[in-house]
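This is a predicted model, so every value here is computed, not measured.
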Amino acid sequence: MVKVKKIAIVTITLFPAFIQRYAEFGIIARAILNKRLSWKALDLRQFGLDARQTVDDRPYGGGVGMVLRPDVLFRAIQLARGKSKAKTRVILLTPSGKQFQQKDAVRLAKYDELVFVSARYEGYDERITKFVDEELSIGDYVLMGGELPALVIAEAVLRNVPGVLGKDESAVGESFSDRMLEYPQYTKPETWIVEIRNKKHETRKKKFLRVPGVLLTGHHANIQEWRIAEALRRTKKRRPDLLDSPKH
Ligand code: ADE
């Protein structure tokens, strides 16, 4: 029997319900149903100290906000890692991490288990970084916490786990997988007539928006050539940096 690839994703968070709800939709829900994915949210609060289940404290040296305690985070990470021999990667989400890219999505899809540590933005005690495998950021902006970054990365990774996407949803040939943005797509209607209203002048004008003619010819070679040219034109205009980046 062929062994199917299965991946486990555990997210350590103060908002487990948020992470859990996310898995009720679309391709993620289907992957769980098909036993390709095990999806768990681990409530950081349950590792808190004392009767109040404290998870954070004021920063040494002063400053605003609260800082997550390393001992609390450590206990959660230890439990998430489990005892199994599974190939596990523990990832801390932080705006100071290395920026997540498509090549990381491909790389992380090869693990058996991913543990996301979703800290909140004000911070975590730096000593916890000794017990994670990597620190990742999803971009140069600051969010309230690591929950959305964890979900963003989980989704990008899952698209590269064999069997998670259906045949028609294949991740091959998409933007970034070949260092180019995707070519534009069109569907019906062939000619879309849009009525544009100018509120100020109280006029109406019809606009005819047509599907590029080459796509209607059925000439596959020409269509392919057009798509490549469009992808290249877009990439040059919007993301010229991609064209100089090394292939992954
Ligand atoms: N936490 C807050 N902002 C973040 C970001 N941009 N990436 C990863 N984790 C974060």
Side-chain angles (χ1 to χ4, degrees), residues 5 7 9 21-34 36-37 39 99-110 136-141 143 148-248:
K5 161 92 181 162
I7 192 166
I9 296 186
R21 252 342 282 282
Y22 187 74
E24 290 173 17
F25 306 95
I27 289 170
I28 308 246
R30 189 181 68 195
I32 297 170
L33 215 61
N34 295 343
R36 297 287 184 157
L37 168 66
W39 181 269
Q99 188 161 332
F100 176 73
Q101 308 273 341
Q102 181 66 18
K103 63 174 187 283
D104 299 305
V106 174
R107 173 176 62 84
L108 293 172
K110 302 200 171 91
L136 290 178
S137 161
I138 59 161
D140 289 342
Y141 40 81
L143 300 166
L148 285 171
L151 293 176
V152 166
I153 294 175
E155 233 193 72
V157 168
L158 282 170
R159 294 177 62 75
N160 294 284
V161 172
V164 166
L165 292 187
K167 272 202 198 75
D168 296 344
E169 304 154 340
S170 160
V172 183
E174 290 183 332
S175 289
F176 305 113
S177 55
D178 48 9
R179 294 177 305 152
M180 273 223 266
L181 300 183
E182 260 188 281
Y183 55 79
Q185 299 266 35
Y186 294 86
T187 187
K188 286 176 179 159
E190 202 177 299
T191 299
W192 179 34
I193 307 165
V194 204
E195 199 171 68
I196 315 271
R197 283 192 354 221
N198 185 322
K199 275 193 186 146
K200 202 167 138 203
H201 299 108
E202 285 190 6
T203 56
R204 282 161 194 265
K205 215 166 68 185
K206 271 191 185 155
K207 222 174 152 66
F208 292 74
L209 296 173
R210 292 187 178 83
V211 172
V214 61
L215 299 179
L216 309 173
T217 60
H219 191 301
H220 293 300
N222 285 357
I223 292 172
Q224 196 54 16
E225 196 181 315
W226 179 86
R227 285 179 165 166
I228 293 169
E230 280 298 303
L232 193 62
R233 192 179 59 78
R234 262 191 176 184
T235 312
K236 269 188 188 150
K237 190 159 172 224
R238 299 180 188 175
R239 294 292 308 278
D241 56 298
L242 287 179
L243 296 169
D244 318 318
S245 63
K247 200 165 173 63
H248 55 259

The test is salt bridge (charged side-chain N to carboxylate O under 4.0 Å, His left out); show your working for Glu230 and Arg227 and say whether it passes.
CA-CA 5 Å; Glu230 280 298 303; Arg227 285 179 165 166; over 6 Å; no
Find the distance between CD1 (Ile9) and CG (Leu108) and round it off to the nearest 0.5 Å.
9.5 Å
What's the shortest heavy-atom distance between Ala105 and Ala156, and which atoms?
CB-O, 3.6 Å
Contact check, side chains of Trp39 and Tyr22, non-hydrogen atoms, under 4.5 Å
yes
How long is the straight-line distance from CZ of Phe100 back to CD1 of Ile138, given to the nearest 0.5 Å?
9.5 Å
Mind checking whether Pro149 and Leu143 have side chains closer than 4.5 Å, heavy atoms only?
yes
Assess the residue pair Gln99 and Asp140 against the criterion (side-chain contact (heavy atoms from CB on, under 4.5 Å)); give the C-alpha distance rounded to whole Å, side-chain angles, the decisive distance to 0.1 Å, and a yes or no.
CA-CA 8 Å; Gln99 188 161 332; Asp140 289 342; 4.0 Å; yes
Can any side-chain N or O of Arg30 pair as donor or acceptor with the backbone N or O of Val164 at less than 3.5 Å?
yes
Inter-residue atom distance Asp104.CG - Arg107.CZ, 0.5 Å rounding
4.5 Å
Is Glu195 salt-bridged to Lys206, going by a charged N under 4.0 Å from an acidic O?
no
Give a yes or no on whether the backbone of Ala109 and the side-chain of Lys5 come within a donor-acceptor separation of less than 3.5 Å.
yes
Sidechain-backbone polar pair: Asn198 side chain, Lys200 backbone, donor-acceptor under 3.5 Å
yes
Might you work through the side-chain contact (heavy atoms from CB on, under 4.5 Å) test for Arg238 and Leu181, ending with a clear yes or no?
CA-CA 9 Å; Arg238 299 180 188 175; Leu181 300 183; 4.0 Å; yes
In the structure I gave you, are the side-chain heavy atoms of Glu155 and Ile28 within less than 4.5 Å of one another anywhere?
yes
Test log, rule side-chain contact (heavy atoms from CB on, under 4.5 Å), inputs Glu190 and Leu216:
CA-CA 9 Å; Glu190 202 177 299; Leu216 309 173; 3.5 Å; yes
To the nearest 0.5 Å, how far apart are CG in Leu243 and CG in Leu232?
6.0 Å
Here the gap from Arg210 atom CZ to Ile193 atom CD1, rounded to the nearest 0.5 Å, amounts to 8.5 Å
With rounding to the nearest 0.5 Å, note down the distance linking CG in Leu165 to CG in Asn160.
8.0 Å
What is the minimum heavy-atom distance between Ala23 and Ile32, and which atoms define it?
CB-CD1, 3.7 Å
Going by an N to O cut-off under 4.0 Å, is there a salt bridge joining Arg21 and Glu24?
yes
List the steps and the verdict of side-chain contact (heavy atoms from CB on, under 4.5 Å) for Leu215 and Tyr186.
CA-CA 9 Å; Leu215 299 179; Tyr186 294 86; 3.6 Å; yes
